[in-house]
Amino acid sequence: MSQFLLPLVLVVLAWTVALATRLPERWPNWRWYLVGYPRTALRVMVTWRKVAHLNDLTVSHQPNRRLLGDLAVKGEPLRTHAPRCSIPRPMPNGLLVRVRLHPGQTPAPFLAAAEALAHAWRVHAVRIVSPERGIVLITATAADPLEHPERPTGEVSAALLSAVVGALETGGAWLMDFRRVPHWLIVGATRTGKSTLIARLITELAPQPVAIVGIDCKGGMELGLFEQRLSALATCRSHAVAVLGALVVDMQDRMRTCRAAGARSIWELPEKERPVPVVVVVDEIAELYLTNGAKEQRAEAEQCSTYLLRLAQLGAALGVHLVVAGQRVGSDLGPGVTALRAQLSGRVCHRVNDPGTAEMTLGDLNKDAVAVAQSIGEAEQGVAVTTGDTGGWMRGRSHLTTPAEAQVTAAEYAGLAFRLPGVARALEDLDGGEGA
């Protein structure tokens, strides 16, 4: 028997070493599933009734009023019942608990108790949602996945006009899909990750058959890194007016093409007849709207506002998409900003310097998201609150794209810088007029 013991030990040791080497690659959350989840799930089940009682998540089946003679007495019920919760269901970086509310209960107390639940269960964060009447879903995240956004986030299809720009707090990929969410508003103070997000977005779009147009009225300091890949780059407001005006004309041509073919969008056209999709990236929207009061500058600002609004209103079905970024966005920039914001259904809010910008970005979609965006710290560069096609909000962190990487990407895919004849002609006419 002893002669077989040594080979058996060696085989077991070899399998252990192989498993220890391959397991983290094939199943990166193995430690959580084997150790973290059972411990946390047990803690949830053991503490649920006590936590529910301490945070007013319970109800009493007996009235809290009694008559003592002619006197009505009201007090706190001594025997309360916690709502029934399901066995915690494991997730890649946390667990999910389904709670069935008692008649008369609402999700509001559970939202208020989210921080208390996170402390009681010793997890990173707790999110509360109510997908249907009478049901509350409690999602507990074990650790903050945004600390390491570069880790693999699973398979994501490389569809046209979609870009993986980072990681979400769920551990999944942060995907910006223009086919589902056609226009985006990105805000953030200086050095919060706004420019990094835009650089990552362009880096992801660069290999795709997409025309990218840049408007950077800070002299092209940011988007100039990608100039080789851009179909056009406007570095001042007069150039921006020419580019945006040409895009509006091009959009009208696309509209006539669709109407003649009986199509409601360019995606219903035959592939050979389909015009190339266009993504317009505007870095620092305030530079287009702010003026010194001069008549000429006011006229240019009004033209920019009108053109951007028309592109946002009609561009989705015609393959023209907007990404509008700025350090702050407010009604003081002009009435056109509020109207434009209403058309930009995708929102990304990094740390901002004033509450008004967070409110302007997220307030019309979700008030809770505003508070979360304002809680982002100075050290959390790249972290933002984002909304998408789900109607909810989520924290995410963009992948870092260095200037050197941006220049390499632009040079590598310079051959895909599609020529937009109308835009090129408008810039040539403007430069010719200025030269004359």
Side-chain angles (χ1 to χ4, degrees), residues 23-24 27-62 76-149 151 153-154 167-173 366-369 371-372 375 380 383 385 390-397:
L23 191 61
W27 199 20
N29 298 306
W30 67 275
R31 192 185 305 276
W32 161 249
Y33 283 110
L34 294 180
V35 181
Y37 163 72
R39 183 173 55 195
T40 307
L42 180 62
R43 188 178 293 123
V44 170
M45 300 300 292
V46 169
T47 63
W48 172 246
R49 291 184 180 278
K50 184 175 182 180
V51 171
H53 175 73
L54 292 176
N55 290 277
D56 296 325
L57 306 180
T58 59
V59 298
S60 173
H61 295 321
Q62 300 295 328
E76 294 292 331
L78 297 179
R79 295 182 178 178
T80 59
H81 301 270
R84 187 172 61 187
C85 72
S86 67
I87 296 175
R89 190 176 74 190
M91 298 174 64
N93 185 36
L95 51 80
L96 180 68
V97 178
R98 181 184 176 93
V99 178
R100 185 174 295 277
L101 302 181
H102 287 298
Q105 283 190 303
T106 67
F110 291 83
L111 291 169
E115 189 69 17
L117 294 175
H119 282 281
W121 298 343
R122 301 176 190 175
V123 294
H124 169 68
V126 167
R127 285 279 303 276
I128 310 292
V129 296
S130 179
E132 57 181 290
R133 299 295 186 184
I135 298 295
V136 163
L137 294 182
I138 304 176
T139 304
T141 305
D144 188 1
L146 302 186
E147 290 183 1
H148 305 282
R151 287 180 178 174
T153 51
L168 295 174
E169 64 181 351
T170 58
N366 194 300
K367 295 296 183 181
D368 294 335
V372 173
S375 68
E380 298 179 286
V383 174
V385 173
T390 60
W393 59 270
M394 194 79 63
R395 288 171 71 244
R397 191 169 200 165

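Just so you know, these numbers use all the heavy atoms, side chains as well, and skip hydrogens, waters and symmetry mates. Because the structure is a prediction, the values reported are computed rather than measured.
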Contacts of type side chain to side chain contact (heavy atoms under 4.5 Å, CB included), residue Leu111, not counting sequence neighbours
Ile128

Which pairs of donor and acceptor atoms, one on a side chain in residues 119-127, lie under 3.5 Å apart (sequence neighbours left out)?
from, atom 1, to, atom 2, distance (Å)
His119, NE2, Glu115, OE2, 3.3
Trp121, NE1, Thr47, OG1, 3.2
Arg127, NH1, Glu169, OE2, 2.7
Arg127, NH2, Trp393, O, 3.2

Grab the two heavy atoms, one from Val385 and one from Ala369, that are nearest each other, plus how far apart they are.
CG1-CB, 4.0 Å

Not counting sequence neighbours, which residues clear side chain to side chain contact (heavy atoms under 4.5 Å, CB included) with Pro90? List them please.
Tyr33, Tyr37

State, to 0.1 Å, how close Leu95 and Ala41 come at their nearest heavy-atom pair, and which atoms those are.
CD2-N, 3.9 Å

So does Ala143 get a backbone contact from the side chain of Asn93, meaning a donor-acceptor N/O pair under 3.5 Å?
yes

Salt bridge (charged side-chain N to carboxylate O under 4.0 Å, His left out) contacts touching residues 32-51 (sequence neighbours left out):
none

Please report the shortest heavy-atom distance between Pro83 and Leu57, naming the atom on each side.
CD-O, 3.0 Å

Apply the test side chain to side chain contact (heavy atoms under 4.5 Å, CB included) to residues Phe110 and Leu117: give CA-CA distance (whole Å), side-chain angles for both, the deciding distance (0.1 Å), then the verdict.
CA-CA 9 Å; Phe110 291 83; Leu117 294 175; 5.5 Å; no

Non-hydrogen atoms of Leu96 and Met91 that approach each other most closely
CB-SD, 3.7 Å

Salt bridge (charged side-chain N to carboxylate O under 4.0 Å, His left out): which pairs involve residues 97-109, sequence neighbours left out?
Arg98-Glu132

Which atom pair, heavy atoms only, marks the closest approach of Arg395 to Glu380?
NH2-OE2, 3.4 Å

Taking every non-hydrogen atom, the tightest pair across Thr58 and Ala82
CG2-CA, 3.7 Å

